[in-house]
Amino acid sequence: MSHHNPALHAALAAATEDQIVLDLAGIADNHATLQRELPGVAVRFAMKACPMDAVLACLAERGAGVDAASPREIAQALRAGVPIERIHYGNTVKSDRDLAEAYRLGVRDFATDSLEDVAAIAAHAPGARVFCRLATDGDGALWGLSNKYGCSPADAVRVLAAARDAGLVPNGLSFHVGSQQMTADAWRRALDRTAETLVALRRRGLSVARVNLGGGLPALGYADRRGRPLAPPVDKIFAVIREGLERLPEVCGHPLEFLVEPGRYLVADHGAVRAHVARLTTREQPDGTRQRWLYLSVGKFNGLYEMDQLQYRLVFPAHADTSRLPAVVAGPTCDGDDAFASDGDLVEVPAGLASGDPVWVLSCGAYAISYLTQGFNGFRPLPAAWIHGQAPGGPGGRPRCHTPDRRQEVPGR
């Protein structure tokens with residue numbers, strides 16, 4: 001995890017300006033762990049979690065592909081060296097124009113969850129393979145994804161039958177248990193629903209080749225809104241998934257290929273932000289109490305969007321042994337939402353903080369780059385840098401740095 005990563009800490013200490021730093025060696029280690037825990041399961045990185053060329057290339061070199069959600073993501077993955085056969089269009093929301101562009105780029109695997117989308121795929125990506133996304137309840141996740149995507153098992157049978165009739169290949173089923181899923185039961189419920197759907201498909205004479213286990217695998221270095229460490233049962237989660245890998249082929253009567261779409265699991269704990277203190281203040285509140293506020297140079301609109309559910313881990317390297325005081329932590333913009341969740345606990349911060357002091361924000365390698373605004377309130381997007389364990393990713397022993405191309409589409413979670 002990033003708070004135990006000497007190489008990442010060294011890169012943060014060497015940085016003199018605000019930036020995001022990713023450790024490719026740590027990301028590669030998590031990919032290797034995933035392959036050990038889920039042998040034979042193909043990895044499709046949910047690139048929205050960290051759309052950085054160096055990260056995509058690092059994972060592609062290790063055999064991973066990409067779960068892309070737009071033609072721009074597909075094009076970026078191709079430029080970074082991901083083979084087209086390892087890229088699928090995993091977004092069920094696709095305009096005709098985006099479908100045609102993805103097909104032109106060479107994508108032949110598309111997610112779907114409705115009859116209308118199937119008709120569009122048939123028209124603009126003839127002969128393509130489709131996999132139907134099943135809805136989940138999202139229970140147990142910090143960010144449930146239960147409403148916008150996915151359909152019922154009965155609908156999935158209709159959708160895949162329609163795909164076959166339209167000249168498409170009904171190739172698979174998928175699900176997503178919610179982002180930062182904290183329970184193993186969520187996968188058990190999703191796998192049960194998948195088994196139910198496979199049985200119903202078999203009755204209709206439909207046979208699929210793949211099951212996509214989706215995303216949701218949790219990062220380990222997070223704290224909740226009150227600062228309590230989150231401890232997801234990762235071993236139990238992997239055990240439940242392995243049970244599903246054995247059971248589902250028995251249910252459908254033939255071997256299945258399996259895919260998984262990790263995002264934050266691979267990158268969150270191996271990325272951090274070097275920020276600085278804007279100001280530590282004390283103000284009387286309307287109820288007469290006095291409240292300390294720590295304003296940082298980064299916040300919700302430049303990388304720390306997930307402060308609605310997380311209390312980001314902060315390190316103050318210039319104040320290791322000083323006394324601490326409770327404060328509300330907030331970002332620099334003129335926006336009331338740019339603060340840690342108001343109902344969360346206060347954060348203990350050094351009493352002697354001064355404007356300009358460095359602050360390290362740990363375990364924010366997931367979505368920090370994706371959630372940079374184009375310059376809300378004039379605060380420019382953070383540049384991003386990478387290291388590779390002890391070997392910095394740049395000349396002169398310094399991390400290699402690039403400024404994200406803000407012309408690119410900013411992906412969602």
Side-chain angles (χ1 to χ4, degrees), residues 38-44 65 67 85-86 88-92 94 107-123 125-139 145-146 149-178 181 184-216 237-261:
L38 302 177
V41 177
V43 175
R44 298 289 182 265
D67 163 41
E85 64 272 13
R86 298 209 301 257
H88 65 235
Y89 200 147
N91 192 349
T92 59
K94 304 177 289 297
V107 172
R108 293 296 180 267
D109 291 280
F110 294 83
T112 191
D113 63 1
S114 69
L115 295 174
E116 293 81 0
D117 189 60
V118 164
I121 295 171
R129 296 177 291 270
V130 296
F131 56 98
C132 187
R133 179 165 172 168
L134 296 168
T136 65
D137 53 33
D139 291 352
L145 306 173
S146 55
Y149 310 103
C151 62
S152 68
D155 241 10
V157 174
R158 296 184 192 101
V159 164
L160 291 176
R164 179 184 60 185
D165 294 345
L168 300 170
V169 180
N171 194 46
L173 296 170
S174 72
F175 58 79
H176 194 304
V177 295
Q181 176 56 248
D185 280 345
W187 272 276
R188 187 173 283 112
R189 293 193 303 273
L191 288 163
D192 286 346
R193 178 165 286 198
T194 303
E196 173 191 344
T197 310
L198 288 170
V199 170
L201 287 170
R202 196 174 179 181
R203 289 198 198 103
R204 282 288 301 270
L206 287 160
S207 174
V208 296
R210 290 180 165 185
V211 170
N212 182 337
L213 305 164
I237 288 169
F238 282 134
V240 167
I241 294 174
R242 285 193 296 268
E243 290 171 10
L245 300 182
E246 292 186 14
R247 182 162 63 102
L248 294 185
E250 296 172 1
V251 167
C252 68
H254 61 79
L256 287 169
E257 299 173 40
F258 288 95
L259 290 76
V260 67
E261 297 176 350

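The figures that follow rest on heavy atoms only: side chains count, while hydrogens, waters and symmetry mates do not.
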For the residue pair Arg202 and His254, establish whether any side-chain heavy-atom pair is separated by less than 4.5 Å.
-> no
Interatomic distance, CZ@Arg210 vs CG@Leu248, rounded to 0.5 Å, equals 15.5 Å
Heavy-atom closest pair, residues Ala156 and Thr197 = CB-CG2, 3.9 Å
If every non-hydrogen atom of Pro249 is compared with every non-hydrogen atom of Leu256, which pair is closest and at what distance?
-> N-CD1, 3.9 Å
At their closest point, which heavy atom of Gly244 faces which heavy atom of Phe258, and how far apart are they?
-> O-CZ, 4.3 Å
What distance do Thr136 atom OG1 and Arg189 atom CZ have between them, rounded to the nearest 0.5 Å?
-> 8.5 Å
Flag this pair as yes if the NZ/CZ of Lys94 is under 6.0 angstrom from the six-membered ring centre of Tyr89 and inside a 45 degree cone about the axis; otherwise no.
-> yes
Below 4.5 Å, heavy atoms only, C-beta onward: do Arg203 and Val157 meet side chain to side chain?
-> no
Shortest non-hydrogen separation from Ala195 to Arg247 and the atoms involved = CB-NH1, 3.8 Å
Thr92 side chain to Ala111 backbone, donor-acceptor under 3.5 Å | no
Give the minimum heavy-atom separation between Gly172 and Leu160, together with the two atoms involved.
-> O-CD1, 3.9 Å
Would you find a donor on one side and an acceptor on the other, under 3.5 Å apart, between the side chain of Arg86 and the backbone of Val43?
-> no
Any side-chain heavy atom of Ile237 within less than 4.5 Å of one from Gln181?
-> no
Option passing side-chain contact (heavy atoms from CB on, under 4.5 Å) with Leu213 (candidates Thr194, Leu191, Val177, Leu259) = Leu191
Nearest heavy atoms of Leu115 and Arg158, plus distance in Å = CD2-O, 3.7 Å
Student check: side-chain heavy atoms of Asp113 and Val159 closer than 4.5 Å = no
